[in-house]
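Notes for the one structure printed next.
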Amino acid sequence: QVQLVESGGGSVQAGGSLRLSCTTSAYTFSRSCMGWWRQAPGKEREWVASTNRGYPTTVADTLQGRFSISRDKAENILYLQMDRLKPEDSATYYCAAYSVTPSVVCSRFIGPYDAWGQGTQVTVSA
C-alpha cells in the first residue's frame with residue numbers, strides 16, 4: 001500500500017512563504033508521477049504541480065512564478081515551495097502519486113492519481 005505523508009502546512013500572512021513536504025517510500029518515489037493538489041472549502045480539488053523522472057516539472061499556469069515543485073531523490077521527499085502567498089491560496093494541500101514510465105508529462109487530471117496523502121492545511125491571512 002502506497003503511503004504519502006505531507007507536512008509543512010500552517011498559518012502565514014499574505015506575502016509570506018511556506019514549503020510543504022511529502023515523504024514516501026523509495027519504491028513509490030522512483031516509479032511515479034508525483035503531484036500536489038489543493039482543495040478549498042466548497043470547491044473542487046485543484047491540480048497545483050507535478051513532477052516525473054526525466055520530464056520538466058509542471059505548475060498550474062495561475063501559480064507559476066510563485067509555486068515550484070521539486071524532488072529530493074536521496075531522501076524520497078517531494079517539495080512544494082510556495083512564495084508570495086495570497087489568501088486565496090488557503091486550502092488543504094494533498095500529495096498524490098500514480099505509477100508511470102519516465103520522461104512523460106504527468107496528468108493534470110485527478111483520475112490517474114491513485115495514492116493520496118492525508119493533506120496538510122495552509123491558511124493565508126490578509
Supply the atom-to-atom distance Thr51 OG1 to Tyr79 OH, rounded to the nearest 0.5 angstrom. 13.5 Å
Over-ring placement of Arg38 relative to Tyr93, 6.0 Å and 45° cut-offs: no
Scanning both residues in full, the closest heavy-atom pair of Ser21 with Ile77 reads CB-CG2, 4.0 Å
Taking all non-hydrogen atoms of both residues, which atom of Ser107 and which atom of Trp47 are closest, and how far apart? O-NE1, 4.0 Å
Atom CE of Met34 and atom CZ of Arg53: how far apart are they, to the nearest 0.5 Å? 10.5 Å
Sole residue of Leu20, Leu78, Val5 in side-chain contact (heavy atoms from CB on, under 4.5 Å) with Cys95: Leu78
Derivation of the side chain to side chain contact (heavy atoms under 4.5 Å, CB included) call for Ile69 and Trp36: CA-CA 8 Å; Ile69 186 172; Trp36 288 98; 3.6 Å; yes
Gln39 side, atom CD; Tyr94 side, atom OH - distance, nearest 0.5 Å: 5.5 Å
Counting distance only, does the side-chain N/O of Thr120 pair as donor-acceptor with the main-chain N or O of Gly9 below 3.5 Å? yes
Main-chain N/O of Ser99 paired to Arg31 side chain as donor or acceptor, under 3.5 Å: no
For the CD atom on Glu88, are there more than 12 heavy atoms of other groups (residues, nucleotides or ligands in this structure) within a distance under 6.0 Å? yes
Could you grab the distance from atom CZ of Arg84 to atom CG of Asp89, nearest 0.5 Å is fine? 11.0 Å
Any donor-acceptor N/O pair, Arg71 side chain to Phe29 backbone, under 3.5 Å: yes
Distance-only polar pair, side chains of Tyr113 and Ser32, donor-acceptor under 3.5 Å: no
Set out, in order, the CA-CA distance, both residues' side-chain angles and the distance that settles side chain to side chain contact (heavy atoms under 4.5 Å, CB included) for Glu6 and Gln118, then state yes or no. CA-CA 7 Å; Glu6 303 99 333; Gln118 81 287 352; 2.8 Å; yes
Would you compute the distance between atom NZ of Lys86 and atom OG of Ser125 and round it to the nearest 0.5 angstrom? 15.5 Å
Using every non-hydrogen atom in the two residues, find where Val124 and Ser90 come nearest and quote the distance to one decimal. N-OG, 2.8 Å
Looking only at heavy atoms, what is the nearest atom pair of Asn52 and Cys106, with distance? CB-SG, 3.5 Å
Test item: Val105 and Thr58 side chains (from C-beta on) under 4.5 Å apart, heavy atoms: yes
Distance (rounded to the nearest 0.5 Å) between Ser68 OG and Leu80 CG: 7.0 Å
Between Val48 and Phe67, what is the shortest heavy-atom contact and its length? CG1-CD2, 3.7 Å
From CA spacing to verdict: side chain to side chain contact (heavy atoms under 4.5 Å, CB included), Val122, Leu18: CA-CA 9 Å; Val122 171; Leu18 282 174; 3.8 Å; yes
Any link between Val2 and Trp37 through a network of hydrophobic side chains (Ile, Leu, Val, Met, Phe, Trp, Tyr) touching at under 4.5 Å? no
Could you tell me if Asp83 and Ser17 have a donor-acceptor pair between their side chains, going purely by distance under 3.5 Å? yes
Is there a donor-acceptor pair closer than 3.5 Å between any side-chain N or O of Thr28 and the backbone N or O of Ser25? no
